[in-house]
Amino acid sequence: MKTIHWGILGAGRIARKFAADVKLVEDAELIAIGSRSKQSADDFNKDFPVKYCHDSYEALVQNPEVDVIYVATPHNLHRENALLCLQHGKAVLCEKPFAMNSRQAVEMINAAKEKKVFLMEALWTKFHPHFIKTQQMIKQGMLGEIRSVLVNFGFKPTEPIPARLFDPELGGGTLMDIGIYNVFMAMSVLGKPDEIDAVMTLASTGVDEQCAILFRYNNGALAQLFSTFSSNLATEADICGTEGRIRLTSRFYEPSATVEFYKEREDSREIIPVTKEAGFGYQYEARHVNDCLRKGLTESPIVSFADTLLLMETLDKIRKIAGIHYPSDDL
């Protein structure tokens, strides 16, 4: 079995977490890092030694030994960086949000189809055991008919505050950084909303410091989604049905979350056992990408292009309604 050789484009915090988890993937090896500065690449290499330490993205994508590249750059660079990889025939796992808007997403997907090269959005939650267990419980009818989804995600950034959180050029604001998980969770359970309402609190930089979203469905179901950089929230998700309720505890989008099932009221809580692994949780999506590459797939059957486009189109609608605008929307 050939080992799949990974490269990482971008050397920031998420790149480091992914690098640590690649070690947990049996048929994967991280062999290359690509950064825009030699210092950044060298610093990364000290903590995660790799065979190739590139001080440019171009050098990384031209490395013939690299099979697949994890794009771990700021939101606004995902389109540019993913296209660079695809143009050089490199399979791509692109961190969320996949792009700044659906127009960019379509361009990226079309490029992958034209080049016949694998491309997937890194919605890591979809591969986590606790999320898979939750989906199974819903499909088994343990909750009855789903009537509501309640999700909150919020934290108060501490100094030094990363520029990407509030800079509109970098796709800052709560919706694209953390609110995307709320939207993803609601749509995973209830599907595409029939109506959307959204409001936001404007930060001084022009991005959303808080965002409240309401999804309405023709069957009467509702989803209430809230994200904020103003307060530290529980960051939990409640999926409520006519026969029971599931609560995904803090942090609902990570594999560390606990699955609580409530058949009746609060005192009926049952902890649902879920397999836990060491690591941050990025190894699950890396394993899936490896499996897809071994099968010669150019699209994931779990995070499909249609899934990614629907999510991006929904985020576009939310931003339009709430008044969240980015410079990249005008390009």
Side-chain angles (χ1 to χ4, degrees), residues 96-99 101-103 105-106 109 121 123 125-126 130-154 173-176 178-201 208 210-228 233-248 252-253 259-265 299-325 329:
K96 64 83 198 162
F98 188 70
N101 50 51
S102 58
R103 174 178 49 79
V106 168
I109 290 169
E121 182 177 15
L123 268 173
T125 304
K126 207 161 189 179
H130 79 289
F131 179 82
I132 294 171
K133 173 60 73 173
T134 298
Q135 292 288 83
Q136 290 172 345
M137 292 171 67
I138 293 171
K139 289 178 182 177
Q140 290 166 2
M142 293 180 65
L143 274 65
E145 182 184 358
I146 305 300
R147 303 303 295 155
S148 65
V149 174
L150 311 171
V151 191
N152 68 77
F153 193 159
T174 69
L175 178 63
M176 298 295 270
I178 57 178
I180 184 174
Y181 286 114
N182 302 356
V183 174
F184 158 74
M185 184 61 67
M187 293 177 66
S188 295
V189 176
L190 292 171
K192 179 182 178 180
D194 294 301
E195 295 180 50
I196 299 173
D197 284 338
V199 294
M200 64 100 167
T201 301
D208 59 300
Q210 300 193 113
C211 188
I213 304 164
L214 176 65
F215 286 171
R216 294 191 184 94
Y217 294 84
N218 289 340
N219 66 356
L222 297 171
Q224 299 180 65
L225 317 172
F226 182 66
S227 55
T228 180
L233 303 185
T235 305
E236 297 178 337
D238 280 275
I239 302 166
C240 313
T242 55
E243 302 296 328
R245 172 171 65 96
I246 289 175
R247 170 176 289 172
L248 302 180
F252 72 87
Y253 61 99
V259 181
E260 299 178 349
F261 175 62
Y262 296 82
K263 180 65 176 175
E264 302 292 343
R265 294 181 182 271
E299 178 180 358
S300 165
I302 296 179
V303 183
S304 68
F305 293 154
D307 293 335
T308 291
L309 285 176
L310 178 57
L311 180 56
M312 289 305 310
E313 288 167 357
T314 304
L315 291 170
D316 282 355
K317 291 178 182 178
I318 293 168
R319 291 202 295 114
K320 183 177 181 180
I321 294 167
I324 302 169
H325 185 81
D329 295 330

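The first residue of the sequence shown is numbered 1, and numbering continues consecutively from there.
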**Study point:** pair V106-L309: side-chain heavy atoms closer than 4.5 Å
**Key:** yes
Study note, to complete from the structure: Distance col, row L175:CG vs I180:CD1, nearest 0.5 angstrom, shows 8.0 Å
Check your understanding: Say you draw a straight line from OH of Y253 to CD of E236; how long is it, rounded to the nearest 0.5 Å?
Key -> 12.5 Å
Revision key, fill the gap. Nearest heavy-atom approach of A306 to E299 is N-OE2, 4.4 Å
**Study point:** Polar side-chain atom of S188 near backbone of F184 as donor-acceptor pair, under 3.5 Å
**Key:** yes
Review point. At their closest point, which heavy atom of M200 faces which heavy atom of G323, and how far apart are they?
Key: CE-O, 3.4 Å
Review point. Which heavy-atom pair separates A237 from M185 by the least distance, and what is that distance?
Key: CB-CG, 4.3 Å
Practice item. Would you please test F215 and L225 for side chain to side chain contact (heavy atoms under 4.5 Å, CB included) and show each step? Key: CA-CA 8 Å; F215 286 171; L225 317 172; 3.9 Å; yes
Check your understanding: To the nearest 0.5 Å, how far apart are NZ in K96 and OG1 in T308?
Key -> 13.5 Å
Point to revise | Any donor-acceptor pair under 3.5 Å from S148 side chain to A223 backbone | key: no
Point to revise | Main-chain N/O of E145 paired to T242 side chain as donor or acceptor, under 3.5 Å | key: yes
Check your understanding: Is any side-chain heavy atom of F261 closer than 4.5 Å to a side-chain heavy atom of M137?
Key -> yes
Review point. Do I196 and L214 come within less than 4.5 Å of each other through their side chains, counting heavy atoms only?
Key: no
Review point. Is the backbone N or O of G173 less than 3.5 Å from a side-chain atom of D208, with the two atoms forming a donor-acceptor pair by type?
Key: no
Practice item. Would you indicate whether the side-chain heavy atoms of T134 and I239 approach each other to under 4.5 Å? Key: yes
Exercise for review: Would you indicate whether the side-chain heavy atoms of C211 and F226 approach each other to under 4.5 Å?
Suggested key: no
**Study point:** Closest non-hydrogen atom pair between M187 and K192, with its separation
**Key:** CE-CA, 4.4 Å
Review point. Between atom CG of L190 and atom CG of N219, what is the distance when rounded to the nearest 0.5 Å?
Key: 7.5 Å
Check your understanding: Have S102 and E313 got a donor and an acceptor in their side chains that come within less than 3.5 Å?
Key -> no
Study note, to complete from the structure: Taken to the nearest 0.5 Å, the spacing of I146 CD1 from I138 CD1 works out to 5.0 Å
Review point. How far apart are the closest heavy atoms of N152 and A234, and which atoms are they?
Key: OD1-N, 3.6 Å
Check your understanding: Does any non-hydrogen side-chain atom of V259 lie less than 4.5 Å from one of R247?
Key -> no
Exercise for review: Would you check, one step at a time, whether the test side chain to side chain contact (heavy atoms under 4.5 Å, CB included) holds for V151 with T235?
Suggested key: CA-CA 7 Å; V151 191; T235 305; over 6 Å; no
Check your understanding: Looking only at side chains, do E264 and Y262 share a donor and an acceptor under 3.5 Å apart?
Key -> no
Point to revise | Exam field: side chain R147 to backbone C240, donor-acceptor pair closer than 3.5 Å | key: no
Review point. How many angstroms lie between atom CG of D307 and atom CG of L123, to the nearest 0.5 angstrom?
Key: 8.5 Å
Point to revise | salt_bridge(R216, D194) N-O dist < 4.0 Å | key: no
Check your understanding: Do NZ/NE/NH1/NH2 and the carboxylate oxygens of R103 and D316 come within less than 4.0 Å?
Key -> no
**Study point:** Proximity of F305 and F98 rings by center, below 6.0 Å
**Key:** no
Review point. Does the pair E243 and K263 meet the rule for a side chain to side chain contact (heavy atoms under 4.5 Å, CB included), with working shown?
Key: CA-CA 7 Å; E243 302 296 328; K263 180 65 176 175; 4.2 Å; yes
Point to revise | V183 and I318, any side-chain heavy atoms less than 4.5 Å apart | key: yes
Revision key, fill the gap. side-chain contact (heavy atoms from CB on, under 4.5 Å) test vs Q210 passes for just one of T201, V199, T174, namely T201
Check your understanding: Between F252 and F153, what is the ring plane arrangement, given parallel below 30°, perpendicular above 60°, and tilted in between?
Key -> perpendicular
Revision key, fill the gap. For M312 and M176, the nearest pair of non-hydrogen atoms, with its separation, is CE-CE, 4.5 Å
